[in-house]
S.K.: 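Just passing along the structure, written as structure tokens.
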Amino acid sequence: MDVCVDWDVLQLQEMMIMQPGGVGGGGALKGNPYKAHIDHLFSQWLSLPDTVKLVTSLLEEAKAGSTLSVAGSSYNANTGSNNSVLPNMFPSGSAPPLSPRSVSGSPRSVMRRHGAGPSSLGSPLKFSSEPVKEVIPPFYFHNGPPLPKELAEQYLARIDQLFFGHMDGLRVEDFKAVTKEICKLPSFFSSMLFKKIDVDDTGVVTRDQFVSYWIDKKMVTMDQPTQIFSILKQPDRNYLTQDDFKPLLRELLATHQGLEFLQSTHEFQERYAETVIYRIFYYINRSGNGNITLRELKRGNLIPAMHHVDEEEDINKVLKYFSYEHFYVIYCKFWELDTDHDFLIDKDNLVRYGSHALTYRIVDRIFSEIPRKFTSKVKGKMGYEDFVYFMLSEEDKSSEPSLEYWFKCVDLDSNGVLTSNELQFFYEEQLHRMECMAQEPVLFEDIVCQMVDMIAPEKECQFTLRDLKRCKLSGNCFNILFNLNKFMAFETRDPFLIRQEREDPTLTEWDRFAHKEYIRLSMEEDAEDASNGSAEVWDESLEAPF
């Protein structure tokens with residue numbers, strides 16, 4: 001085997017001047033008790049004839065710069081003769097294992113053959129000691145995964161088409177196509193999105209401004225609730241208030257075909273917008289603090305309803321939040337009770353609700369602001385927003401907001417548990433009213449057994465909000481306690497109405513009530529018009545199949 005010997009590899013100069021008593025440097029073994037023995041062994045090895053012959057030949061060839069030629073057989077013979085001495089120096093079986101020998105020579109010689117020095121490749125020991133780092137691809141992105149290159153190119157191509165011919169930018173009236181086709185948002189978001197981009201209020205949005213906002217700022221990779229939340233909220237907030245929805249409702253009123261008839265009645269436009277916003281916060285803002293968080297927005301059904309109202313020409317078919325018929329029913333009910341039309345309702349007004357259906361005790365609890373603090377700021381008076389919350393809770397006691405509303409009313413000690421004493425307190429007035437109406441009274445003991453059978457609470461005769469939310473019939477328990485009309489209707493249920501409810505279970509109690517009440521109010525209005533000679537024929541074929 002031919003090997004090229006390097007002076008730096010062999011370090012022969014150090015070997016020649018190294019003293020027998022200082023292998024690797026005299027200071028390294030200072031104070032070592034085995035120093036004399038090691039010196040003796042080293043001297044003995046150097047004095048061997050084969051060692052002297054081998055070292056002499058290697059030095060001469062190295063100094064001459066010639067290739068070192070060592071025959072495999074002769075080398076093995078030499079090493080064999082050396083091994084005859086070395087094994088005797090260690091006890092049997094206690095010799096340390098040798099490190100593996102590379103057939104290609106030392107790492108330094110290999111690097112020199114390929115023209116690489118220590119400065120370029122670094123220490124071989126460093127390479128071998130560093131663990132190989134496994135690259136784990138990211139699996140979570142705060143604003144969604146990066147947009148694939150092909151999809152990004154498609155977006156940019158479509159953006160170029162929409163902005164083609166508008167070198168100075170698009171105006172707000174031309175921005176609706178961008179809102180729907182690129183952003184996939186309802187069209188009545190167009191103005192708000194436009195203002196978010198046109199921060200300097202120039203009246204135009206250029207192609208580069210839109211790309212910077214929608215593509216570069218990663219809006220395109222967000223999920224749609226996050227996009228809508230970012231567009232609606234104020235820059236310094238992480239929640240939505242009622243005021244954040246007002247520009248959205250103004251554009252909806254200005255652009256939706258089903259609301260064109262309100263263009264000449266600005267007051268009713270405002271009332272409709274307020275009612276929609278109150279309904280949104282009633283169902284979405286579950287914390288009840290007046291601030292909708294992103295989490296609440298994601299958990300609610302508002303965004304599908306927004307797309308529905310944008311696609312549906314008949315706004316009354318959008319039962320969630322936006323139905324004009326629903327607004328009409330709520331507002332007319334409020335107007336009927338507000339006899340002095342000061343836009344406030346007191347206890348005496350509310351007692352008349354539903355043909356005096358409610359007990360005085362539950363009305364007292366409502367005006368004590370137990371279930372919800374009034375926003376009217378007038379002591380003893382309920383405002384329109386407060387009435388919307390009350391009416392939605394009263395007419396659909398199956399919804400979670402309604403169950404929470406009435407649970408707070410009945411929970412007199414606010415300990416989170418409805419006991420027999422609290423139930424009896426409210427039922428006593430119901431029992432008295434039945435006796436006054438000459439109806440056969442239902443004993444409280446029977447009522448408790450009926451409620452236990454319906455709710456199946458975890459602890460008998462102790463009803464928690466969790467128990468009520470598990471049962472679909474929980475609303476009937478509250479009707480039993482303080483709404484006499486609905487209690488009697490429940491006791492004498494109409495099989496025809498039950499069959500209707502089963503045919504379309506997607507309709508809520510509120511949907512059914514609002515539809516029937518709207519028909520009643522419309523017929524009353526037609527009757528008034530008839531007395532004035534301006535009646536329109538009521539077409540029953542236009543009724544929805546409730």
S.K.: For residues Asp198 and Gln209, is any side-chain donor paired with an opposing acceptor at under 3.5 Å?
M.R.: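 There is no such pair (donor and acceptor under 3.5 Å, judged by atom type) between the side chains of Asp198 and Gln209.
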S.K.: Do Ile366 and Met382 come within less than 4.5 Å of each other through their side chains, counting heavy atoms only?
M.R.: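 Result yes, sub-4.5 Å side-chain heavy-atom pair found.
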S.K.: Is it true that the side chains of Ser187 and Asp310 contain a donor and an acceptor less than 3.5 Å apart?
M.R.: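 A donor-acceptor contact under 3.5 Å links the two side chains.
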S.K.: List the steps and the verdict of side-chain contact (heavy atoms from CB on, under 4.5 Å) for Leu151 and Gln154.
M.R.: CA-CA 5 Å; Leu151 187 58; Gln154 294 177 9; 3.7 Å; yes
S.K.: Do the side chains of Glu369 and Arg372 get close enough for a salt bridge, i.e. N-O under 4.0 angstrom?
M.R.: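 Arg372 and Glu369: not salt-bridged.
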S.K.: Check Glu394 with Lys486, please: is the shortest side-chain N to carboxylate O separation under 4.0 Å?
M.R.: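 Yes, charged N to carboxylate O under 4.0 Å.
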S.K.: Check whether Arg365 reaches the backbone of Lys408 with its side chain - one donor and one acceptor, N or O, closer than 3.5 Å.
M.R.: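 Judged by distance alone, yes, a pair lies under 3.5 Å.
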S.K.: Decide yes or no on side-chain contact (heavy atoms from CB on, under 4.5 Å) for Leu259 and Phe322, but give the supporting numbers first.
M.R.: CA-CA 10 Å; Leu259 296 171; Phe322 296 98; over 6 Å; no
S.K.: Do Asp200 and Thr202 pair up side chain to side chain, a donor and an acceptor below 3.5 Å, judged on atom types alone?
M.R.: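 Thr202 and Asp200 do not have a side-chain donor-acceptor pair below 3.5 Å.
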S.K.: Donor-acceptor check, side chain of Asn483 to backbone of Phe478, threshold 3.5 angstrom: yes or no?
M.R.: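 Not a single qualifying donor-acceptor pair exists.
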S.K.: Can the ring centres of Phe367 and Phe374 be said to be less than 6.0 Å apart?
M.R.: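 So the answer is yes for these two rings.
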S.K.: So which heavy atom on Tyr272 is nearest to which on Leu249, and how close?
M.R.: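 Between these two residues, the closest heavy atoms are CE2-CD1, 4.3 Å.
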S.K.: Output yes when Arg352 and Glu336 qualify as a salt bridge under the 4.0 Å nitrogen-oxygen rule, no when they do not.
M.R.: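 No, this pair does not count.
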S.K.: Please check this pair: side chain of Asn476 against backbone of Ile480, looking for a donor-acceptor N/O pair closer than 3.5 Å.
M.R.: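 Here the side-chain-to-backbone pair does not exist.
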S.K.: The test is salt bridge (Lys or Arg N to Asp or Glu O under 4.0 Å); show your working for Glu274 and Lys246 and say whether it passes.
M.R.: CA-CA 8 Å; Glu274 289 175 358; Lys246 290 181 179 179; over 6 Å; no
S.K.: Would you indicate whether the side-chain heavy atoms of Ile228 and Ile231 approach each other to under 4.5 Å?
M.R.: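 No, their side chains stay 4.5 Å or more apart.
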S.K.: In the structure I gave you, are the side-chain heavy atoms of Met219 and Met222 within less than 4.5 Å of one another anywhere?
M.R.: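 The answer is yes; the side chains approach within 4.5 Å.
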S.K.: Out of curiosity, Ile303 CD1 to Leu297 CG, how far, rounded to the nearest 0.5 Å?
M.R.: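 It comes to 4.5 Å.
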S.K.: With sequence neighbours excluded, tell me which residues meet ring pair (Phe, Tyr, Trp, His ring centres under 6.0 Å) with Phe188.
M.R.: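 Expected list: none.
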S.K.: Does a donor on one side chain sit under 3.5 Å from an acceptor on the other, for His266 and Glu270?
M.R.: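 Yes, a side-chain donor-acceptor pair sits under 3.5 Å.
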S.K.: Taking Ser402 for the side chain and Ser398 for the main chain, is one N or O donor matched with an acceptor at less than 3.5 Å?
M.R.: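 Not at all, since once roles are kept as given, no pair shorter than 3.5 Å links the two residues.
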S.K.: Keeping Gln462 on the side-chain end and Lys459 on the backbone end, is there a donor-acceptor pair under 3.5 Å?
M.R.: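 Checking the backbone N and O of Lys459 against the side chain of Gln462, no donor-acceptor pair under 3.5 Å is found.
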S.K.: Yes or no on salt bridge (Lys or Arg N to Asp or Glu O under 4.0 Å) for Lys373 and Asp386, after CA distance, side-chain angles and deciding distance?
M.R.: CA-CA 8 Å; Lys373 296 295 182 182; Asp386 307 314; over 6 Å; no
S.K.: Is the closest side-chain heavy-atom distance between Phe189 and Phe194 below 4.5 Å?
M.R.: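 The answer is no, as the side chains (C-beta and beyond) never meet within the 4.5 Å cut-off.
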S.K.: Can you find a side-chain donor-acceptor pair between Asn479 and Lys397 that sits under 3.5 Å?
M.R.: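 Yes - a donor-acceptor pair under 3.5 Å links their side chains.
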S.K.: Measure the shortest side-chain to side-chain distance between Gln234 and Leu240 over non-hydrogen atoms and say whether it is less than 4.5 angstrom.
M.R.: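 A side-chain contact is absent here, since even the closest heavy-atom pair is not under 4.5 Å.
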S.K.: Just by distance, no angles: are the side chains of Tyr384 and Thr275 close enough, under 3.5 Å, to form a donor-acceptor pair?
M.R.: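 Yes, a side-chain donor-acceptor pair sits under 3.5 Å.
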S.K.: Which heavy atom in Leu232 sits nearest to a heavy atom in Phe245, and how many Å separate them?
M.R.: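 Shortest heavy-atom contact: CD1-CE2, 3.9 Å.
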S.K.: Considering all heavy atoms of both residues, which atom of Glu509 and which atom of Glu395 are nearest to each other, and what is their separation?
M.R.: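 Smallest interatomic distance, heavy atoms only, reads CB-O, 3.6 Å.
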S.K.: Report the C-alpha separation of Glu458 and Thr464 in whole Å, then their side-chain angles, then the decisive distance to 0.1 Å, and conclude whether the side-chain contact (heavy atoms from CB on, under 4.5 Å) test is met.
M.R.: CA-CA 9 Å; Glu458 294 181 359; Thr464 65; 5.9 Å; no
S.K.: Could you tell me which non-hydrogen atom of Leu294 sits nearest to which non-hydrogen atom of Pro225, and how far apart they are?
M.R.: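 Minimum heavy-atom separation between Leu294 and Pro225: CD1-O, 3.8 Å.
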S.K.: Hey, which of Tyr353, Tyr328, Phe327, Phe343 is the one that makes ring-ring contact (aromatic ring centres under 6.0 Å, His included) with Phe334?
M.R.: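 For Phe334, the ring-ring contact (aromatic ring centres under 6.0 Å, His included) check succeeds only for Phe343.
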S.K.: Any chance the side chains of His256 and Glu312 put a donor and an acceptor closer than 3.5 Å?
M.R.: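 No, because no side-chain N or O of His256 sits under 3.5 Å from a partner of the opposite role on Glu312.
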S.K.: Please check if the side chain of Asp511 supplies one atom and the backbone of Thr508 the other of a donor-acceptor pair under 3.5 Å.
M.R.: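 Looks like yes, one N/O pair under 3.5 Å.
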S.K.: Is the closest side-chain donor-acceptor distance between Ser287 and Asn289 under 3.5 Å?
M.R.: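 Yes, because at least one side-chain N or O of Ser287 sits under 3.5 Å from a partner of the opposite role on Asn289.
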S.K.: Can you name the closest pair of heavy atoms from Leu337 and Ile345 and give their distance?
M.R.: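 Between these two residues, the closest heavy atoms are CB-CD1, 4.0 Å.
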S.K.: Please round to the nearest 0.5 Å and tell me the distance separating atom CZ of Phe407 and atom SG of Cys477.
M.R.: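 Phe407 CZ to Cys477 SG: 11.5 Å, rounded to 0.5 Å.
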S.K.: On the 0 to 90° scale, with breaks at 30° and 60°, tag the Tyr331-Trp335 ring pair as parallel, tilted or perpendicular.
M.R.: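 Because their plane-to-plane angle is under 30°, the rings of Tyr331 and Trp335 count as parallel.
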S.K.: Would you mind checking if Glu524 and Arg520 are paired as a salt bridge, meaning a charged N to carboxylate O distance below 4.0 Å?
M.R.: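 A salt bridge links Arg520 with Glu524.
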S.K.: Is it the case that more than 12 heavy atoms not belonging to Gln263 sit under 6.0 Å from its CD atom?
M.R.: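 Counting other residues, nucleotides and ligands, CD of Gln263 exceeds 12 neighbours.
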S.K.: Using a 6.0 Å cut-off, check whether atom NE2 of His432 has over 12 heavy atoms from anything other than its own residue.
M.R.: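 No, because the 6.0 Å sphere around NE2 of His432 holds 12 heavy atoms or fewer from other groups.
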S.K.: In sequence, state the C-alpha distance, the side-chain angles, and the governing distance for Asp244 and Lys233, and then conclude on salt bridge (Lys or Arg N to Asp or Glu O under 4.0 Å).
M.R.: CA-CA 6 Å; Asp244 294 329; Lys233 77 178 186 69; over 6 Å; no
S.K.: Testing the 3.5 Å rule here: is there a donor-acceptor pair between the side chains of Tyr321 and Asn301?
M.R.: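 The criterion, which ignores hydrogens and geometry beyond distance, is satisfied for Asn301 and Tyr321.
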S.K.: What do you reckon, is CZ of Arg470 surrounded by more than 12 foreign heavy atoms closer than 6.0 Å?
M.R.: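 Result for CZ/Arg470: enclosed.
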S.K.: Counting N and O atoms only, with roles assigned by atom type, does the side chain of Gln242 sit under 3.5 Å from a partner on the main chain of Gly290, one being a donor and the other an acceptor?
M.R.: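 No; judged by distance alone, with no hydrogens or angles, the pair does not exist.
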S.K.: Between Glu296 and Asn291, is there a side-chain donor-acceptor contact under 3.5 Å, judged purely by atom types and distance?
M.R.: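 Short answer, no.
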S.K.: For Ser191 and Val172, which heavy atoms make the closest approach, and how far apart are they?
M.R.: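 What the structure gives for the nearest pair is OG-CG2, 3.9 Å.
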S.K.: Under 30°, 30 to 60°, or over 60°: which ring-plane class applies to Phe482 and Trp406, parallel, tilted or perpendicular?
M.R.: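 Plane angle between 30° and 60°, so tilted.
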S.K.: More than 12 heavy atoms of other residues, nucleotides or ligands under 6.0 Å from CZ of Arg171: is that the case?
M.R.: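 Not buried by this count: 12 neighbours or fewer within 6.0 Å.
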S.K.: Check this for me: Glu150, atom CD, are more than 12 non-hydrogen atoms of other residues, nucleotides or ligands nearer than 6.0 Å?
M.R.: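 Atom CD in Glu150 is not crowded, with 12 or fewer foreign heavy atoms closer than 6.0 Å.
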S.K.: Could you tell me whether the side chain of Met192 reaches within less than 4.5 Å of the side chain of Leu248, counting heavy atoms only?
M.R.: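 Leu248 reaches Met192 side chain to side chain.
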